[in-house]
J.: 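Provided herewith is a single structure, encoded as structure tokens, for subsequent inquiry.
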Amino acid sequence: MPRFLSHMPLALAQARAAALRGEVPVGAVVTDPQGRVVAAEGNRTRERSDPTAHAEILAIRAACAALGSERLPGHDLWVTLEPCPMCAAALSAARIARLYYGADDPRMGGVAHGARVFAHPQCHHRPQVYDGLSAPASRRLLQEFFAARRTVG
């Protein structure tokens, strides 16, 4: 059995890069069934003037483009924050096998909170979900980002 390797450090690096661009610091990584990185992205909603340009969506789009497929069976997604309902639905549509995420998002989350997309009877595909990976680091990035924005205003 292969040794478990976390890709949260790369997701956190993407989140830090997003923060430097003035974006909410969320980063996502898609890995193939062998654990190789296929795509890594951070939020770009402001940069692209696109409310759907969340890290998860961008990483899924990049992975699908790289593979020439609209689905990613056997692939995993690593993200620093619990996906929102839009991103959770995209993970389901892409047939992501496993979701690993860092910080919970009680306000906007769509996996363990709020809409709980994967628990809905109309959800056709439910990935295995592993939460809390690098949660303190993920949470700290978000808290520092928003604290800095409040003091600048």
Side-chain angles (χ1 to χ4, degrees), residues 3-32 35-66 72 75-120 122-123 125-153:
R3 183 175 72 78
F4 177 80
L5 174 66
S6 174
H7 291 278
M8 287 303 284
L10 179 54
L12 284 163
Q14 290 292 323
R16 285 190 289 277
L20 291 173
R21 294 190 300 272
E23 302 279 358
V24 174
V26 177
V29 176
V30 174
T31 57
D32 71 12
R36 295 179 297 237
V37 174
V38 179
E41 292 285 347
N43 275 356
R44 293 181 183 273
T45 59
R46 290 174 180 263
E47 175 185 306
R48 295 186 180 181
S49 299
D50 179 356
T52 70
H54 290 197
E56 302 95 317
I57 300 289
L58 296 175
I60 288 169
R61 287 177 182 164
C64 286
L72 301 167
H75 288 66
D76 297 342
L77 188 128
W78 304 76
V79 62
T80 57
L81 182 65
E82 176 184 350
C84 71
M86 173 185 70
C87 291
L91 269 76
S92 178
R95 305 301 193 265
I96 293 290
R98 282 168 296 279
L99 164 64
Y100 300 91
Y101 72 85
D104 285 336
D105 190 352
R107 193 170 78 72
M108 296 294 294
V111 176
H113 299 89
R116 299 179 193 220
V117 171
F118 304 137
H120 197 279
Q122 290 179 307
C123 182
H125 172 79
R126 294 165 181 83
Q128 294 174 12
V129 177
Y130 302 91
D131 62 349
L133 279 81
S134 300
S138 299
R139 196 173 306 105
R140 192 168 41 257
L141 264 175
L142 290 157
Q143 289 169 339
E144 290 170 0
F145 176 80
F146 287 112
R149 294 181 76 80
R150 282 191 294 277
T151 60
V152 171

J.: Starting at CZ of Arg98, measure out to OH of Tyr130 and round the result to the nearest 0.5 Å.
T.: 6.5 Å
J.: Check the pair Ser138, Met8 against side-chain contact (heavy atoms from CB on, under 4.5 Å), reporting the backbone distance first and the verdict last.
T.: CA-CA 9 Å; Ser138 299; Met8 287 303 284; 4.1 Å; yes
J.: Minimum heavy-atom separation for Val30 and Ile60, please, with both atom names.
T.: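 In this case the closest contact between Val30 and Ile60 is CG2-N, 4.2 Å.
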J.: Looking only at heavy atoms, what is the nearest atom pair of Arg139 and Ala103, with distance?
T.: N-CB, 4.0 Å
J.: Testing the basics here: between Ala19 and Pro25, what is the closest heavy-atom pair and its distance to 0.1 Å?
T.: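 Taking Ala19 first and Pro25 second, the nearest heavy atoms are CB-CB, 3.8 Å.
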J.: If the condition is side chain to side chain contact (heavy atoms under 4.5 Å, CB included), which residues does Asp32 pass it with, not counting sequence neighbours?
T.: Gln34, Arg36, Val38, His75
J.: Let's go through Leu141 and Thr80 carefully: what are the C-alpha distance in whole Å and the side-chain angles of both, what is the deciding distance for side-chain contact (heavy atoms from CB on, under 4.5 Å) to 0.1 Å, and is it a yes or a no?
T.: CA-CA 9 Å; Leu141 264 175; Thr80 57; 5.6 Å; no
J.: For His120, does its backbone N or O pair with a side-chain atom of Arg126 as donor and acceptor, under 3.5 Å?
T.: yes
J.: Identify the heavy atoms of Glu23 and Asn43 that sit nearest to each other, and give their distance.
T.: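 For Glu23 versus Asn43, the nearest heavy atoms are CG-O, 3.2 Å.
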J.: How close do Gly27 and Ala15 get, heavy atom to heavy atom, and via which atoms?
T.: N-CB, 3.5 Å
J.: How about Arg21: does its CZ atom have over 12 heavy atoms from other parts shown lying under 6.0 Å from it?
T.: yes
J.: Once you round to the nearest 0.5 Å, how far does OG of Ser6 lie from CH2 of Trp78?
T.: 4.5 Å
J.: With rounding to the nearest 0.5 Å, note down the distance linking NE2 in His7 to CG in Leu77.
T.: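 The CG atom of Leu77 is 11.5 Å from NE2 of His7, to the nearest 0.5 Å.
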J.: Which pairs pass side chain to side chain donor-acceptor pair (under 3.5 Å) with one or both residues in residues 105-114, sequence neighbours excluded?
T.: Glu82-His113
J.: Got a second to check how far Thr31's OG1 is from Ile96's CD1, nearest 0.5 Å?
T.: 8.0 Å
J.: To the closest 0.5 Å, what do you measure between CD1 (Ile57) and CG (Leu91)?
T.: 8.0 Å
J.: Rounded to the nearest 0.5 Å, what separates atom CG in Asp76 from atom CG in Leu99?
T.: 9.0 Å
J.: Which residues pass the side chain to side chain contact (heavy atoms under 4.5 Å, CB included) test with Glu41, not counting sequence neighbours?
T.: Arg44, Leu58, Ala59, Ala62
J.: How close do Ala53 and Arg48 get, counting heavy atoms only, and between which atoms?
T.: CB-CD, 4.4 Å
